[in-house]
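Some notes on the structure that comes next.
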Amino acid sequence: MVRDDIAQLIAEAIRRAQKKGELPAFGLPEVPVTRARDEAFGDYASPVCMTLARVARMAPIAIAERVVAHMPPAPFIGKVEAAHPGFINITLSPQWLTQQVEVILAEGERFGHLDLGKGRSVQVEYISANPTGPLTIGSGRNAVLGDALANVLAAAGWRVHREYYINDTGTQVELFAASLYARYAQALGCDEPLPEGGYPGNYLVEMGHQLAQEYGERFLTMERGQALTALREEGLKRMLASIQADAAALGIHFDSWKSERSLYEDGIYGLVFNRLSAGGWLVHRDGAVWFTETPHTSSGGDHQATEEQQTEALVRSMQDKDNVVVRSDGRPTYFASDIAYVWDKLVTRGFDWAIYVWGADHQGHVPRMKAVTRALGLDPNRITVILYQLVTLKRGGELVRMGKRTGEIITLREVVEEIGADATRFMLLTRAAESQMELDLTLAVQQSNENPVYYVQYGHARIASIFRYARERGFSPEGGDVSLLIHPAEQALIRQMVRLPETVALCAESLSPHHLTHYAQELATAFHAFYKECRVVSEDAGHAEIGRARMKLVQAAKIVLANTLRLIGVSAPESM
RNA sequence: AGGCCCGUAGCUCAGAAGGACAGAGCAUCGGAUUUCUAAUCCGACAGGCGCAGGUUCAAAUCCUGCCGGGCCUACCA
């Protein structure tokens with residue numbers, strides 16, 4: 001990537017200047033390179049000389065001048081200048097830029113791909129919403145974030161595995177089954193109340209009706225326990241199918257759907273439990289089994305009664321951090337499953353890295369997961385949790401309190417049907433995960449045609465249209481000479497195109513795919529400006545040569561736009 | 001009470017891990033096209049980055065305190 005190359009060149013220049021005695025000897029720091037703030041300063045800038053002023057005991061500008069004088073030549077560098085108060089400004093070579101068009105054409109779909117991951121494997125687990133109801137718009141942010149992140153990591157050279165974790169066991173699932181039973185029975189005219197804490201949502205009423213229609217009284221005639229199990233399985237199956245369809249509507253497809261229950265059936269839970277137990281990480285208290293972050297080794301028996309109050313406070317604070325793994329009634333908690341699951345990810349299946357995408361309401365769970373990973377003898381850095389702030393929903397300015405358990409649900413499907421998959425994805429992805437976002441559905445629907453996604457897609461469609469027009473008239477980019485592309489608008493467009501790789505790197509390294517949406521807009525802006533300024537296809541005499549070159553440019557721009565949109569997970573239409 | 005996140009133009013948000021005069025979209029106002037899609041382009045208006053200190057040659061970015069908002073602090077998931 002250009003940016004990294006520049007940093008290396010500057011470092012080399014500093015070493016050369018030192019060797020010549022023009023700069024004093026000092027340890028070389030990491031050289032920061034940023035995009036220049038203003039075009040007038042060139043493309044990239046480095047403030048490194050300002051940091052060096054102290055160790056070099058020289059004015060920053062003087063250092064910069066000497067560094068500039070020793071910059072090794074490189075094909076992509078057009079101009080290097082020292083600027084007050086001590087910046088090194090780098091302008092890309094116009095000719096090198098023009099050649100990038102050929103590079104992009106040659107790389108095609110692979111342009112923007114990197115090898116940061118070096119083929120290591122990463123599992124990205126996202127959505128994983130309880131299959132006790134349809135996906136909500138809240139899950140949508142999770143979905144979009146996780147999916148775009150997976151795309152970005154794949155482009156950055158990781159072997160990516162996408163997974164949905166199905167919570168198909170535990171209290172909530174039993175409640176779901178009981179709720180479904182009630183709705184089913186009600187559909188058949190029985191006076192069966194919804195269980196306490198059950199799911200009041202309308203979707204279960206509908207499912208109850210369907211089941212009543214399809215199966216008649218079959219589940220009523222069964223023994224109740226059996227009926228609950230049967231309905232649970234039937235309900236989960238249907239719920240998952242609906243979730244899968246909702247995800248697919250957003251263009252999301254998982255490599256695998258991992259069942260929580262399977263962690264128990266496959267013995268992973270037992271294995272992990274024994275391991276923790278042997279390590280002294282489990283304590284029994286109040287009839288339950290707790291995971292403790294301060295292990296009780298059998299040798300550590302010297303709990304002498306020191307300052308009593310202090311010890312008591314200490315023990316209490318440590319106990320506060322303990323978490324129940326097995327309830328006093330013998331049923332494991334979801335935390336127990338998660339412990340087995342992390343083992344399954346990192347050991348059984350051997351992913352190098354596991355990324356979880358969680359809503360901010362799960363933040364408290366992160367330290368536990370890190371601690372338990374360490375307790376299992378695994379490097380906690382092999383798991384990363386991405387927390388995103390929950391979406392605050394409004395409808396015409398009114399706050400909507402939402403939840404499957406409250407029954408008030410705005411489904412993802414509703415929103416996708418209303419404003420479309422592309423607009424939904426783009427909208428949910430433009431903001432950084434840690435930023436709270438407020439979504440007024442009324443406004444979102446009203447303004448969906450102002451969604452920036454269309455601006456970007458329009459760029460792609462416009463290029464497609466240029467080619468249709470060109471084809472009709474028998475023009476082709478064949479033999480175009482890209483070195484002619486020196487118009488400011490052409491150069492500006494190429495500059496943006498060339499930035500895709502470093503944008504991918506930025507997104508991958510910071511695990512923040514939202515930068516891509518901003519990049520996409522800047523790229524589209526450069527294209528639209530070019531389109532206005534520069535005619536591509538023309539029958540004018542004397543235009544043929546530049547026309548062919550511009551067709552190549554526009555073809556390359558189309559590739560970059562398409563690649564960017566693919567990473568975001570949005571379609572790149574041929575016409576709009 | 002404690003913990004995590006956020007507070008940047010009228011609105012919704014970026015701001016590349018401390019750097020050069022603070023950015024975009026929307027909204028408002030004013031311009032542009034006899035030619036490849038006007039879902040376009042150009043321009044204007046508009047904030048000094050919640051407040052107060054501190055660190056630094058340099059702070060929207062780091063530290064402290066305060067204010068405001070969201071979330072969390074279950075033998076729910």
Original post:
Checking all strands, does A/Phe335 fall into the base, sugar-phosphate, or nothing category for heavy-atom contacts under 4.0 angstrom?
Top reply: nothing
Subject >> Whether A/Phe87 stacks on the six-membered ring of B/A20 base, 5.5 Å and 30° limits >> reply: yes
Original post:
Taking syn as any angle within 90 degrees of 0 and anti as the rest, which one fits B/A16?
Top reply: anti
Subject >> Result of checking A/Tyr264, A/Phe335, A/Tyr334, A/Tyr341 against A/Tyr269 for ring-ring contact (aromatic ring centres under 6.0 Å, His included) >> reply: A/Tyr264
Subject >> Sugar-phosphate only, base, or nothing, as touched by A/Asn89 at under 4.0 Å among non-hydrogen atoms >> reply: base
**OP:** Quote, to the nearest angstrom, the C1' distance that separates B/A9 from B/A32.
**Re:** 26 Å
Original post:
Does a distance-only test, which skips hydrogens and angles, find a donor-acceptor pair under 3.5 Å between the side chain of A/Glu450 and the base of B/G25?
Top reply: no
Original post:
What nucleic acid atoms does A/His514 come within less than 4.0 Å of, heavy atoms only: base, sugar-phosphate, or nothing?
Top reply: sugar-phosphate
Subject >> OP1 or OP2 of B/A20 under 4.0 Å from side-chain N/O of A/Arg37 >> reply: yes
Subject >> Nucleic acid contacts - residues 545-556 of chain A versus RNA chain B, non-hydrogen atoms under 4.0 Å >> reply: none
**OP:** Using a heavy-atom cut-off of under 4.0 Å over every strand shown, decide if A/Asp286 touches base, sugar-phosphate, or nothing.
**Re:** base
**OP:** For B/A16, take OP1 and OP2 only and decide whether either is under 4.0 Å from a side-chain N or O of A/His518.
**Re:** no
**OP:** Answer yes or no: does atom CD of A/Glu450 have more than 12 heavy-atom neighbours from other residues, nucleotides or ligands under 6.0 Å?
**Re:** yes
Original post:
Is there a donor and acceptor pair, one atom on the side chain of A/Ser435 and one on the base of B/C6, closer than 3.5 Å?
Top reply: no
Original post:
With a non-hydrogen cut-off below 4.0 angstrom, is A/Tyr531 in contact with a base, only sugar-phosphate, or nothing?
Top reply: base
**OP:** Remember a base hit wins even if backbone is also touched, and classify A/Thr517 as base, sugar-phosphate or nothing at under 4.0 Å, heavy atoms.
**Re:** nothing
**OP:** Would you mind classifying the nucleic acid contact of A/Ser510 as base, sugar-phosphate or nothing, using non-hydrogen atoms under 4.0 angstrom?
**Re:** base
Original post:
When you look at A/Arg462 and A/His528, which way does the side chain to side chain donor-acceptor pair (under 3.5 Å) test go after all the steps?
Top reply: CA-CA 9 Å; A/Arg462 256 186 160 175; A/His528 287 306; 3.1 Å; yes
Original post:
Base, sugar-phosphate, or nothing: which does A/Ser575 touch, judged by heavy atoms less than 4.0 Å apart?
Top reply: base
Subject >> A/Tyr454 (side chain) and B/A39 (base): donor-acceptor pair under 3.5 Å >> reply: no
**OP:** Could you tell me whether A/Ala53 contacts a base, only the sugar-phosphate backbone, or nothing, with contacts defined as non-hydrogen atoms closer than 4.0 Å?
**Re:** nothing
Subject >> Inter-nucleotide P distance (B/C62, B/C26), Å rounded >> reply: 30 Å
Original post:
So what does A/Arg331 hit on the nucleic acid, given a heavy-atom distance under 4.0 Å: a base, only sugar-phosphate, or nothing?
Top reply: nothing
